[in-house]
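Notes follow the structure.
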2 protein chains.
Amino acid sequence: MVTKNIQTQRKARGRPSSFDRETALMAAMRLFWDRGYEGTSFDDLTAVMGISASSFYNSFGSKEALYHEAIDAYARQASAWFVAALETGQTTADAFRALFEAAACAFTRCDSPSGCMIASAATQCSPAQSRLKELMIDQRRLAEDAMKQRLALGVKAGDLAPTTDLDALAGYFSTVMQGLGIQARDGASREKLIEIGHMALSVFKQ
Amino acid sequence: MVTKNIQTQRKARGRPSSFDRETALMAAMRLFWDRGYEGTSFDDLTAVMGISASSFYNSFGSKEALYHEAIDAYARQASAWFVAALETGQTTADAFRALFEAAACAFTRCDSPSGCMIASAATQCSPAQSRLKELMIDQRRLAEDAMKQRLALGVKAGDLAPTTDLDALAGYFSTVMQGLGIQARDGASREKLIEIGHMALSVFKQ
DNA sequence: TATTTTTTGTAACCATCGCTCCACAAATCC
DNA sequence: GGATTTGTGGAGCGATGGTTACAAAAAATA
């Protein structure tokens, strides 16, 4: 779909784009992040991206295709701090402490919409968007899996009891993470989110 | 807005309704619960309510007014188990254990959409629905306040340390509750939700 | 300069959205 | 029965949704 410049020497034929694709994609991502798929209209998108309808379809195919790209971009960006945090510290508790602190920061950046684009997406939507709904469920599952893997590492390291129910614990942390997304969306401060994250770590003690 | 039958003796004038208002409202509530406000179309509503457009406006005023009624109905129904659970048991921990178990049950009933109608509503929506968004934020705040009050009772009863940060703890439980709503929406089983709720209680065992 | 390739601007398209109007139907009151 | 009141059915409205068609514009190639 996207024409690759295999030979950077050869210049592109045809009329050049008047906009930067990546910049436009980021703008679209933020709008989707803030308003969700159904809450974001086509006109809002083209306005914030600074392009016309024809350029939109020429470059991104459709609204749904653009949403997919936006989710991918967000997931890449989010998994950066997500994975990095989980690799922080010595103990499993340290890692999850870092994870929640990173989430609290990511969910309350002044240069982005609040909360998590994935956590609060398509929880309620029309049947026409059932495919997107499933996609978001998968994305949330990916995050939960990543947490589970880190917990398994903790068991292997003797950090956690071998009897630890990894699925349940990962589900618990995933639940807190998703809840944090909603709290952030509702205007909770970064400090409040961090405090909540710290409280969630009390499952480790005892 | 609604005509009250002050004198039950006197029969209602005019052509009688061909549908039961409460039944239609419940049907609408479930559809909104499942699809959200923007995800539910006018035609979907009239279809599931079994009435025509004119009867719809005659009885409910507008889509938004109906949504308000639906939210009120849900809040009444939900606060029933919510408040009852918080009054359960001796200790504060008992009360919250009951609360999470009640939530787990309420969020996974086969005769209703999964999850919480309020927790996952309008987290992402178009600016046109900003009033509804604020309404939902208020509703979520009400739940958090109720939890905070129960925690304060625990301090008064000597159940919790006087130094307990009630706001933070209530925020934490509220976060877990909202996360449970998303988990349920994603298809988590009742057992999983209960397990997660139990883990959330570990904040009590210092 | 002519040709080819790609992007852009403009103007529509068609379905759906929430909603209104109005003539008619069905009940009570006098 | 006639008047009054209230609910119903159906047609259709203006606005907006996402999408497409088409020709002009701007670049490389020949």
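Just so you know, these numbers come straight off a predicted model, no measurement behind them. Letters A, B, ... are given to chains in the order of the sequence lines, protein chains preceding strands, and every chain is numbered from 1.
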Between F32(A) and Y37(A), how do the two ring planes meet: parallel, tilted or perpendicular, split at 30° and 60°? parallel
When the nearest nucleotide of DNA chain C is assigned to A53(A) and to F56(A) on a heavy-atom basis, which residue is associated with the more 5' position? F56(A)
Nearest-angstrom distance from the residue atom CD1 of I51(A) to P of dG9(C): 10 Å
Please determine whether salt bridge (Lys or Arg N to Asp or Glu O under 4.0 Å) holds for the pair K133(A) and D186(B), giving the CA-CA distance in whole Å, both sets of side-chain angles, and the decisive distance to 0.1 Å. CA-CA 9 Å; K133(A) 188 176 173 180; D186(B) 285 1; over 6 Å; no
Can you tell me the distance, in whole Å, between the CD atom of E64(B) and the P atom of dC17(C)? 18 Å
Tell me the interatomic distance from L66(A), atom CG, to dT19(D), atom P, rounded to whole angstroms. 10 Å
By nearest-heavy-atom nucleotide on DNA chain D, the more 5' of S62(A) and R15(A) is S62(A)
Please determine, by modelled atom types, if D94(B) and T91(B) share a side-chain donor-acceptor pair under 3.5 angstrom. yes
Donor-acceptor pair between S126(B) and Q129(B) side chains, under 3.5 angstrom: yes
Quick one, F96(A) and R150(A) - any side-chain contact, counting heavy atoms below 4.5 Å? yes
Answer with base, sugar-phosphate or nothing: what part of the nucleic acid does S55(B) contact at a heavy-atom distance below 4.0 Å? sugar-phosphate
OP1 or OP2 of dG9(D) sitting under 4.0 Å from any side-chain N/O of S52(B)? yes
Mapping R13(B) and S18(B) onto DNA chain D by nearest heavy atom, which one lands closer to the 5' end? R13(B)
With a 4.0 Å heavy-atom cut-off, tell me which residues in residues 38-50 of chain A come close to DNA chain D, sorted by residue number. T40(A), S41(A), F42(A), D43(A)
Send over the distance from N58(B) CG to dC21(C) P, rounded to a whole Å. 14 Å
Could you walk me through whether R21(B) and E69(B) satisfy the salt bridge (Lys or Arg N to Asp or Glu O under 4.0 Å) test, starting with their C-alpha distance in whole Å, then the side-chain angles of each, then the deciding distance to 0.1 Å, before giving a yes or no? CA-CA 11 Å; R21(B) 198 180 186 282; E69(B) 278 201 63; 2.8 Å; yes
To the side chain of P16(A), which of dT19(D), dT8(D), dA27(D) is closest? dA27(D)
Integer-rounded Å distance: dG7(D) P and D20(B) CG: 14 Å
Which nucleotide in the list dG18(D), dG7(D), dT7(C) gets nearest to the side chain of Y57(A)? dG18(D)
Pick one: which of R141(B), R140(B), E144(B) meets side-chain hydrogen bond (donor to acceptor under 3.5 Å, both in side chains) with S174(B)? E144(B)
Heavy atoms only, 4.0 Å cut-off, all strands: where does S54(A) land among base, sugar-phosphate and nothing? base
